[in-house]
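Both backbone and side-chain heavy atoms feed into the values below; hydrogens, waters and symmetry mates do not.
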Amino acid sequence: MTNREKLIKTNIYDLLCSIQNVLSGSSTGLSGLCIIEDITKKETPCPEEVWFGSRCGECIARWLDEEARA
């Protein structure tokens with residue numbers, strides 16, 4: 001299986017959560033970065049209860065369920 005095939009078979013939610021875990025991981029020194037902001041190129045304020053990656057999966061799921069914008 002190629003990397004392309006593996007990515008095609010990967011659930012997009014799982015992929016985004018995995019990337020977010022790397023972005024918000026304390027070992028990377030990149031704490032506070034948001035995959036949704038990176039994708040949309042728009043500031044996405046992090047709800048206080050989600051701050052520091054503790055519940056990023058909820059924001060990712062909510063964003064995936066939103067209507068797509070041009």
Distance col, row I60:CD1 vs D65:CG, nearest 0.5 angstrom, shows 12.0 Å

For residues I12 and L7: do they belong to one hydrophobic cluster (side chain heavy atoms under 4.5 Å, members Ile, Leu, Val, Met, Phe, Trp, Tyr)? yes

Atom CD of E66 and atom CD1 of I36: how far apart are they, to the nearest 0.5 Å? 7.5 Å

Heavy-atom closest contact (C56 atom, Q20 atom, distance): CB-CG, 3.6 Å

Where do C17 and G57 come nearest, in terms of heavy atoms and distance? SG-CA, 3.9 Å

From W63 CH2 over to L16 CG, what is the distance, rounded to the nearest 0.5 angstrom? 6.5 Å

Which distance, rounded to the nearest 0.5 Å, do you find between the CD1 of I35 and the CD1 of I19? 4.5 Å

Quick one: OG on S18 to CG on L23, what's the gap to the nearest 0.5 Å? 11.0 Å

Over 12 non-hydrogen atoms of neighbours within 6.0 angstrom of CG in N11: yes

So how far is it from T2 OG1 to I8 CD1, rounded to the nearest 0.5 Å? 7.0 Å

For residues K42 and E37, report the shortest heavy-atom separation together with the two atoms involved. O-CG, 3.3 Å

